[in-house]
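Heads up, the thing below is written out as structure tokens.
For reference, positions follow the sequence shown, starting with 1. Note that the structure is predicted; figures quoted are calculated from it, not measured.
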Amino acid sequence: PPQKIWIDVPPPETRFRAGMQVKLICFASGGNPLPRLDWFKDNKMVRDGILVPTGPSGNIVSKELLLTTTPSDNMATYRCNASSPSRTQPPLTAFTRLHVQYPPLQVTITTTAKEVRRNQTLKLTCQSGSSNPPATLTWLKGGKMLNAVGLGQKKAEYGGFSTSSQVTLVAYSVDHGQRVECHAYSSVLSEDVNAFYQLNILFPPELSSEQPHAVQAAEYEVVRLPLLVSASPPEITYRWSFLGEVILTEGSPRYHLRDGGSLEISNVIRADAGQYSVRCENSEGYSEMTILLDVQYAPSIRSIGDPTTVDLGGPAEIMCQAEANPAPVGMFKWRWLSDLERSLEEMGFELLSEGLVGRLRVQEAKRAHAGLYECQVDNGISPAARSSARLVVQFPPEIMKSPGQRKVGAPGDEMSTATLLCHAQGVPPVEFSWAKKGVALDLQNPRYTVLTEHKASSHTSILTIANVSSVHDYGLFTCTASNAMGTDTLDIQLLSISRPDPPMQLKVVAVAHNWLALEWTPGFDGGLKQSFRVRYHWPGTPSFLEVDVFPPQSPTFTLTGLHPNTPYNVSVNARNALGESDFADGGVWLVVTTTEIEKKPMDTVPQAPPMHGPDSPMLPLFLLELLGAVGGILIISSLSLLGCLFYKRQVRALQEDGTKVGAGLKVRSENNYSDSKWLKWGATPAKLEEQSSEASTSPKGSSVETTTGSVATSRPWSRLGRHAESETDGSIMEPPTSAPWLSSPDLHEYEEVMVPPIYLGKRPHYSAWYPEEAPWIPEYEGPYPQSRRSLAGYEEIMPIYDPVADSPAFSGDRTLPFEHLGELV
């Protein structure tokens, strides 16, 4: 039998952690045959292990057992038996006991409540399984520690300990679905074992704290009224109502019940805005709530003060009432519907708004404030609303009283017609009345016809007198314009036809280096159609130059072709079929200096074109020669064509004029005034063949202010006289061969206007005019100067003014008709 047994194990005070490996070796010596070794755990054989002979003579055997510790190994006895094969002798025994540390095997949470409702008290008990050493229990809910009551420890299996704890909760609906956790923690092993209990709390429907109570939507869109509600059990019925009536969603084309109980409304309109109520119900109860639907829509204007009437100088206010949602501050904008772009604030208006009402206010209404104003409302939702209102400023009549309206000329031959015009401004509409020499006209008289026109604040009354008699009709007529605000009068003198009155208030409105723009006020036209002529002069010229204004009745004209930085003396007079007026403003000329030519600095220095290098591509020589030949042919052809056209034009002009040109013969131009000029084409103005007396004898006058700011001299101009001694010949310079439009740009350019084709075939009624033979100057056919050019050395004198168009043909034995002679009364 075996003689001795011993084991090789860790010391008894060693503590093992569950899961660690432990090696146990059992040795036995003696015996023949060798003894058998067996390991036992608490009287249960462990079949693991390897038997290994050892020793110098092979009489010692060993068996090694490799263990992975578990909680069941704690305080377990491992025993090794050495027995002979014959089993006749009791076996030799050696044992050891292990100490294993392990965390709780499990954690359990229990409660006695079967159902938990809102606001009830709930007790939960937590018990940990066997652990070594004992575990510490902790309660958590939503990450926060709960106050618990410990129930002590007790011994458990495997030599461990069990720990118990209890917590008491008040069940709230917000805790529904949350977990209450119990943690069993071993501080020695730093291990945690836990379990949770999910709260199932029964409660009626409740609204979330994030539930919106107001919803905004744009008109004609789809809007959803959201419902954030929770309940346990979750089966909820929903009932929506609006304005006390239940909304039936089933089968409705506009109302739809969506998931979660939300109400969806299609094609929402502004009438859908308001409070919506909903009732939510489950087995535990019900709850109710309201949601405000705010329907936003584009603005519209309900009313506007059109028209708004105010007396001149009084306060005025245009009110614009809108319907819009939302109604932000500043949604009202006002605009003056006029061609002039002016700020309303600069005009003295105040722009006020309060809620859905906008106001345009002015404290002292002026005539300039009258007009159409637009109220625009824009709240950010398209389209913006617009409406206009007219501000009517009432004021007494004001008759236009220009100098040309105070006189009317008409022949007193009892066959002609006189028209008296009375134009007034006034609001409300103006009523007109006519009187002659203080006595109201008898409008029943068929010779008197009155036509009245009203257009906005402008009113016109036209008195027409048929069969004008110099005896019965010449005199002072009075036009009276009246309305509720006041009265105004205008005296109009009916006279015989005469030469026109001089223009007035001549002024320069613009000036440049080679032109200046003039403006004046026409005077009385003498009862006939009048036209205007501008007279100008600059230093170094022997006399004045004249040019007819076009259009003939225009009160403005632009002189072109002037020299830069040169002072010019300018005036204007009027003319009609009976003669010419004196020059404007008492014959005092207007002096204006043209500006200098602006020199533009060179931005870049011109550089020479790059030279072709040896590798640069160049055109072949034969191609360059061909191009040069073609270009020369084209140039020669163009010059030949221009020469032919020029020749035909001059020949046609000679044929139309019917003039015969002879060498060395000087022909006097027809229909010329005594101050007509003999011009040299293509050069500076030639010497006058005859000079008017005032060109050389005009005295110096007072200084007047010029446009350019320089000091100017003025001298009175008398009417152009006709002098027989001016018929003497003067030196006439031969014109250059070049055409006048090809003259040097440095020379003075005369303004040349083409004559309309309808006048080209007309000829003057008189072959010549001499100042000692004619008492008045006939009216010319066209408004433009017509230069008639002649060949053969340009020996024919070119008349500046056009032939007579409207004057009757003259014959030596026929006197002028009465309507053109006129009669002064």
Side-chain angles (χ1 to χ4, degrees), residues 117-119 141-144 170-179 199-300 322-331 354-356 377-384:
R117 287 181 170 81
R118 184 176 57 182
N119 298 329
K141 186 186 74 169
K144 295 182 179 180
V170 177
Y172 296 106
S173 58
V174 294
D175 296 330
H176 176 69
Q178 288 195 7
R179 293 180 176 184
L199 299 175
N200 184 21
I201 303 172
L202 302 176
F203 60 94
E206 289 184 355
L207 296 174
S208 169
S209 59
E210 298 179 356
Q211 169 68 42
H213 294 277
V215 175
Q216 291 182 348
E219 195 172 22
Y220 309 120
E221 293 184 353
V222 177
V223 62
R224 176 174 293 188
L225 304 182
L227 195 60
L228 305 179
V229 65
S230 59
S232 179
E235 292 77 16
I236 307 174
T237 58
Y238 305 94
R239 187 177 66 180
W240 286 88
S241 60
F242 178 61
L243 299 179
E245 296 184 2
V246 177
I247 298 175
L248 301 178
T249 59
E250 186 175 355
S252 174
R254 295 186 62 229
Y255 300 100
H256 307 280
L257 192 63
R258 300 305 184 191
D259 296 339
S262 299
L263 179 64
E264 184 179 270
I265 307 175
S266 303
N267 196 26
V268 64
I269 58 177
R270 62 190 68 179
D272 295 326
Q275 294 282 352
Y276 286 78
S277 300
V278 59
R279 179 186 174 100
C280 308
E281 187 174 1
N282 68 353
S283 59
E284 294 296 318
Y286 70 91
S287 62
E288 294 180 339
M289 68 160 295
T290 58
I291 298 178
L292 176 64
L293 175 59
D294 181 20
V295 180
Q296 298 184 345
Y297 47 88
S300 61
E323 183 178 357
N325 187 29
V329 177
M331 71 174 181
E354 181 179 356
L356 295 175
V377 186
D378 187 358
N379 65 346
I381 301 178
S382 181

Fill in the blank from the handout: Shortest non-hydrogen pair, A218 vs V268, comes out as O-CG1, 3.4 Å
Practice task
Kindly indicate, with the supporting measurements, whether the criterion side-chain contact (heavy atoms from CB on, under 4.5 Å) is fulfilled by M289 and H213.
Solution key: CA-CA 9 Å; M289 68 160 295; H213 294 277; 3.9 Å; yes
Handout entry: For the student: nearest non-hydrogen atoms of N282 and E235, plus distance
Key = CB-O, 3.1 Å
Practice task
Find the distance between CG (L263) and CG (L227) and round it off to the nearest 0.5 Å.
Solution key: 9.5 Å
Handout entry: Check: R258 and R224 side chains under 4.5 Å, non-hydrogen atoms
Key = yes
Exercise for the section: May I ask you to say whether E264 pairs ionically with R254, meaning some side-chain N is under 4.0 Å from a carboxylate O? Expected result: no
Exercise for the section: State, yes or no, whether a side-chain contact exists between M331 and D378 at a heavy-atom distance under 4.5 Å. Expected result: no
Problem - Check: W240 side chain, G261 main-chain N or O, donor-acceptor pair, under 3.5 Å - result: yes
Practice task
Could you grab the distance from atom CG of N200 to atom CZ of R117, nearest 0.5 Å is fine?
Solution key: 10.5 Å
Completion exercise
Output for pair (S262 OG, I291 CD1), nearest 0.5 Å, gives 7.5 Å
Exercise for the section: Assess whether atom CZ of R279 is packed by more than 12 heavy atoms of other residues, nucleotides or ligands within 6.0 Å. Expected result: yes
Problem - Over all atoms of both residues, closest heavy-atom pair of Q296 and P326 - result: CD-CD, 3.7 Å
Handout entry: Side-chain donor-acceptor contact under 3.5 Å, N379 with N325
Key = no
Exercise for the section: Show your reasoning for whether side-chain contact (heavy atoms from CB on, under 4.5 Å) applies to L292 and V215. Expected result: CA-CA 6 Å; L292 176 64; V215 175; over 6 Å; no
Practice task
Please test L207 against L228 for side-chain contact (heavy atoms from CB on, under 4.5 Å), starting from the C-alpha separation and ending with a verdict.
Solution key: CA-CA 6 Å; L207 296 174; L228 305 179; over 6 Å; no
Practice task
Verify whether one side chain among T237 and E281 offers a donor that lies under 3.5 Å from an acceptor in the other.
Solution key: no
Exercise for the section: Could you tell me how the ring of F242 sits relative to the ring of Y276: parallel (under 30°), tilted (30 to 60°) or perpendicular (over 60°)? Expected result: parallel
Practice task
With the side chain counted from C-beta on, respond yes when D175 and K141 share a heavy-atom pair under 4.5 Å apart, and no when they do not.
Solution key: yes
Handout entry: Under 3.5 Å donor-acceptor, S232 side chain and P234 backbone
Key = no
Exercise for the section: Supply the atom-to-atom distance L257 CG to T249 OG1, rounded to the nearest 0.5 angstrom. Expected result: 5.0 Å
Handout entry: Residue pair Y172 / I201: nearest heavy atoms and the distance that separates them
Key = O-CD1, 2.9 Å
Handout entry: Spacing of CZ belonging to R270 relative to OH belonging to Y297, to within rounding of 0.5 Å
Key = 5.0 Å
Handout entry: Non-hydrogen atoms of L293 and L225 that approach each other most closely
Key = CD1-CD2, 4.1 Å
Practice task
Determine yes or no for a side-chain-to-main-chain donor-acceptor pair under 3.5 angstrom, with Q211 supplying the side chain and P226 the backbone.
Solution key: yes
Practice task
Could you grab the distance from atom CZ of R118 to atom NE2 of H176, nearest 0.5 Å is fine?
Solution key: 12.5 Å
Practice task
Give a yes or no on whether the backbone of P205 and the side-chain of S287 come within a donor-acceptor separation of less than 3.5 Å.
Solution key: yes
Handout entry: Verdict with supporting geometry, V222 and I265, side-chain contact (heavy atoms from CB on, under 4.5 Å)
Key = CA-CA 6 Å; V222 177; I265 307 175; over 6 Å; no
Practice task
Determine the minimum heavy-atom distance between G260 and V229, stating which atoms define it.
Solution key: O-CG1, 4.3 Å
